[in-house]
Amino acid sequence: MCHWLMKSEPSEFSIDDLKRAPDGTAPWDGVRNYQARNHMREMKAGDRVLFYHSSTDPLAVVGTARVVREGYPDESAWNPKSPYYDKRSTLENPVWLRVDVRFEARFPVPVTLADLRTVPALKHMLLLRKGMRLSVQPVTPEEFEAVLARAAELAKGRHA
DNA sequence: GCCAACGTTGGC
DNA sequence: GCCAACGTTGGC
């Protein structure tokens, strides 16, 4: 099983939007970066996902999700009215793909970017690297667990 | 709103 | 195939 981090601007699609979606499941589409797409190609059903809110305040990992459907054509690329339209994508050669993800948990206290930077186990996390703006990133199992542990710690602290 | 970092495009 | 110009991302 692999672990991933996926970024979304909450004004576009937040973890609450995912939670509210039918069956807590929604397609993750609109990815128009080849490196991010290649990561999505490798996703398997059951893979775990850290849900990250970008371009907002606070910047934070806000919860977790699971991949429930592996890569299939991103139809938004075929829709001329979609902001994600790309004429290079055809039925024969879809170019872009999406996966379906299912809501798993929302952290009681989000783990902010600033907080992640203070966790020694996350020293080498891709997300924290300068200039890193990839919207779909691999995460090591250790890093994934460290984020969950930090989220639990923060949740505990809140009620202390 | 700014701007650094990165990705893409297109002329040559 | 290089690289300058341009567009986008996303933290600050």
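We name chains A, B, ... by the order of the sequence lines, and we start the count at 1 in each one. Quick caveat: nothing in here was measured; it's all calculated off a predicted structure.
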side-chain contact (heavy atoms from CB on, under 4.5 Å) assessment of A:R106 paired with A:F51: CA-CA 9 Å; A:R106 188 191 205 293; A:F51 198 122; over 6 Å; no

Sugar-phosphate, base or nothing in reach of A:E9, heavy atoms under 4.0 Å: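 Nothing, no nucleic acid heavy atom in range.
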
Sugar-phosphate, base or nothing in reach of A:R88, heavy atoms under 4.0 Å: sugar-phosphate

Pairing of A:K19 and A:D16 as salt bridge, 4.0 angstrom limit: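 No.
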
Donor-acceptor under 3.5 Å (A:H3 side chain, A:E145 main chain):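 Absent.
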
Verdict with supporting geometry, A:V119 and A:E153, side-chain contact (heavy atoms from CB on, under 4.5 Å): CA-CA 12 Å; A:V119 179; A:E153 205 175 315; over 6 Å; no

Bounds of contact between DNA chain B and chain A, in 5' to 3' order, using a heavy-atom cut-off under 4.0 Å: B:dA5 to B:dT9

A:S76 vs A:R32, side-chain contact (heavy atoms from CB on, under 4.5 Å): CA-CA, chis, key distance, verdict: CA-CA 11 Å; A:S76 68; A:R32 293 294 178 268; 3.1 Å; yes

